Colleague: 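Below: one structure in structure tokens.
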Protein chains: 2
Amino acid sequence: MGRRQLWDQDEVLASAMRLFRHRGYLGASLRDIEEATGLHPGSLYRTFRNKDGLFHAALDAYNERVVRHRVRVHLLEPADPLAGIRSFFTSAIETGAEPDPGCLLTNTAVESFTLPEAAPGVHHGLAAIEGGFADALTRARNRGDAPPDLDIATTAAHLLALYQGLLVLVRAGRPRTALHSVTDGALASIGTLRNPRKQDDP
Amino acid sequence: MGRRQLWDQDEVLASAMRLFRHRGYLGASLRDIEEATGLHPGSLYRTFRNKDGLFHAALDAYNERVVRHRVRVHLLEPADPLAGIRSFFTSAIETGAEPDPGCLLTNTAVESFTLPEAAPGVHHGLAAIEGGFADALTRARNRGDAPPDLDIATTAAHLLALYQGLLVLVRAGRPRTALHSVTDGALASIGTLRNPRKQDDP
DNA sequence: TATTTTTGTGAGCAATCGTTCAACTACGGA
DNA sequence: TCCGTAGTTGAACGATTGCTCACAAAAATA
């Protein structure tokens with residue numbers, strides 16, 4: 001063996017993630033990263049190869065911990081799926097004491113031209129959210145809370161777009177009341193997209 | 001007087017705008033800007049004070065030319081307002097030959113923590129889009145294409161969020177078919193948000 | 001204990017960053 | 001024609017960037 005690693009990789013990734021969420025990839029310098037993680041460049045480059053490597057690890061950790069956790073808590077587990085979708089949206093608006101940390105998927109998608117190799121990670125996270133919506137919508141339909149001919153795939157994609165847009169508006173500093181009404185609109189729009197299996201009133 | 005300015009300010013702002021849309025504020029170095037605009041640093045700093053000044057001028061130009069033009073062509077002028085809303089969305093997806101240049105408002109909102117002084121410009125542009133939606137919705141309602149008790153303000157905010165989300169997904173490289181179905185969802189969701197003036201079927 | 005192996009430390013590298021400025025060029029008015 | 005003014009040019013500045021590497025420290029093996 002040899003000397004043992006003095007730092008916890010999960011903690012380091014958590015603080016790096018927080019930094020990238022706030023400042024973006026380009027906005028976070030290695031001096032910032034050193035300060036945030038407490039790691040010196042040597043250890044950093046030994047473990048993560050370079051800044052890109054650390055970012056990818058942070059993005060994976062974001063998908064694995066933050067996204068997955070939020071999807072599970074708000075979209076997969078709640079007994080009332082529509083209430084879960086609502087809380088999924090509202091929890092993105094009410095970020096608590098510290099200012100909005102931003103969604104690493106949204107930020108990275110926008111920075112994509114300077115970070116093309118991060119695309120798979122972004123896709124993965126977005127797909128997880130979309131899948132969560134689809135699950136919640138399916139359960140809502142089975143419970144009778146949504147029309148039986150609801151187009152689940154399209155509605156899930158619709159909610160994903162609306163959610164990403166909401167995050168942009170949060171970052172833009174829009175008043176919270178306006179953002180909450182977007183959430184109301186998201187819920188109200190569920191059920192408007194039907195499968196054209198049987199045309200009732202054209 | 002003195003020597004005449006050899007370059008056209010509109011052209012310079014257009015190329016700077018294009019660069020910032022692609023690469024973002026931090027991603028566009030002054031060497032990139034020199035190459036894109038053809039200006040040397042001296043002229044740049046004489047006219048725009050610094051990089052921030054150029055960015056603000058480019059953001060203002062974006063609001064003034066791109067946003068305003070798009071709002072007018074798709075939302076204010078068309079005889080069929082709902083078809084206009086549809087084309088407003090689809091034209092953001094089909095960006096033509098060159099890859100998606102991105103929306104400077106979306107990108108800047110996401111970069112906001114490194115550019116807090118750009119917030120007013122972002123607000124201004126977003127308000128212009130939202131206002132365009134509100135105008136189109138009002139005309140649609142007057143034409144009988146939307147319910148008479150449509151909640152216009154909330155629906156406009158809803159469409160704005162959906163539009164910004166669509167732009168994020170475009171940047172994320174989502175397949176165009178999925179994006180077009182988001183557009184369908186946007187149109188279908190119009191009319192789901194009613195003013196609670198008269199409760200018909202609770 | 002001596003040796004090998006792994007990790008931590010941080011000074012310092014070349015490259016690039018945003019920015020400045022002194023020399024130079026072109027125009028209008030005297 | 002000469003001068004004052006406004007604009008152009010591009011070399012170069014100090015600061016910061018991402019990153020390297022020689023060395024010190026600690027654990028496992030002998």
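Each chain gets a letter, A, B and so on, in the order the sequences are listed, and its residues count up from 1. Computed from a predicted model, the values in this text were never measured in an experiment. These numbers come from the heavy atoms of this one structure, side chains and all, not from hydrogens, waters or symmetry mates.
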Colleague: Round to the nearest Å and state the distance from B/Tyr25 atom OH to C/dC17 atom P.
Modeller: 13 Å
Colleague: Among D/dG7, C/dG10, C/dG28, find the nucleotide with the atom closest to the side chain of A/Pro41.
Modeller: C/dG10
Colleague: Look only at the side chain of B/Arg18 and the backbone of B/Pro101, and say whether a donor-acceptor pair between them is shorter than 3.5 Å.
Modeller: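 No; judged by distance alone, with no hydrogens or angles, the pair does not exist.
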Colleague: Around A/Glu35, counting heavy atoms of other residues, nucleotides and ligands shown, do more than 12 lie under 6.0 Å from its CD?
Modeller: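 Not more than 12 within 6.0 Å, no.
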Colleague: Just the rounded figure in Å: distance from C1' of D/dT5 to CZ of B/Arg46.
Modeller: 10 Å
Colleague: If we ignore angles and hydrogens, is there a donor and acceptor under 3.5 Å between the side chains of B/His124 and B/Glu64?
Modeller: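 B/His124 vs B/Glu64: no donor-acceptor pair found between side chains.
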Colleague: To the nearest angstrom, how far is B/Asp52 atom CG from C/dC17 atom C1'?
Modeller: 14 Å
Colleague: For the pair made of CD in B/Glu34 and P in C/dG18, what is the distance, rounded to whole Å?
Modeller: 10 Å
Colleague: A quick test of your reading: do over 12 heavy atoms of other residues, nucleotides or ligands sit less than 6.0 Å from CZ of B/Arg68?
Modeller: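 No, because the 6.0 Å sphere around CZ of B/Arg68 holds 12 heavy atoms or fewer from other groups.
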Colleague: Provide, to the nearest angstrom, the distance between the CG atom belonging to B/Asp32 and the C1' atom belonging to C/dC17.
Modeller: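 So the two atoms are 11 Å apart, to the nearest Å.
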Colleague: Given that B/Arg49 and B/Ser29 both sit by DNA chain C, which one's nearest nucleotide is further toward the 5' end?
Modeller: B/Ser29
Colleague: Could you give the CG-to-C1' distance, from A/Leu30 to C/dT9, as a whole number of Å?
Modeller: 16 Å
Colleague: Looking at the base of C/dG18, is there any donor atom on it, or on the side chain of B/Arg31, that sits under 3.5 Å from an acceptor on the other one?
Modeller: yes
Colleague: Closest-nucleotide mapping onto DNA chain D: is A/Leu26 or A/Gly42 further toward the 5' terminus? I mean the 5' end.
Modeller: A/Leu26
Colleague: On the nucleotide D/dC19, are OP1 or OP2 found under 4.0 Å from the side-chain N or O atoms that A/Tyr45 carries?
Modeller: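 Answer yes for this pair, as a side-chain N or O of A/Tyr45 is under 4.0 Å from OP1 or OP2.
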Colleague: Name the nucleic acid region contacted by A/Leu6, choosing base, sugar-phosphate or nothing; use a 4.0 angstrom heavy-atom cut-off, strictly under.
Modeller: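 Contact class for A/Leu6: sugar-phosphate only.
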Colleague: Mind listing the closest non-hydrogen atom pair of A/Leu75 and A/Ala136 along with its distance?
Modeller: O-CB, 3.6 Å
Colleague: At under 4.0 Å, does any side-chain N or O of B/His40 touch on OP1 or OP2 of D/dT8?
Modeller: no
Colleague: Send over the distance from A/Leu39 CG to C/dG8 P, rounded to a whole Å.
Modeller: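 It is 7 Å, rounded to the nearest whole Å.
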Colleague: Has the side chain of A/Arg3 got a donor or acceptor atom sitting under 3.5 Å from an opposite partner on the base of D/dA25?
Modeller: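 Per atom types, the contact qualifies.
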Colleague: Does a nitrogen or oxygen in the side chain of B/Trp7 sit under 4.0 Å from OP1 or OP2 of D/dT8?
Modeller: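 So the side chain of B/Trp7 is within the cut-off, an N or O lying under 4.0 Å from OP1 or OP2 of D/dT8.
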Colleague: Please state how far atom CZ in B/Phe48 lies from atom C1' in C/dT19, giving the value in whole angstrom units.
Modeller: 16 Å
Colleague: Think B/Ser43 has a side-chain N or O under 4.0 angstrom from the OP1 or OP2 of D/dG7?
Modeller: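 No.
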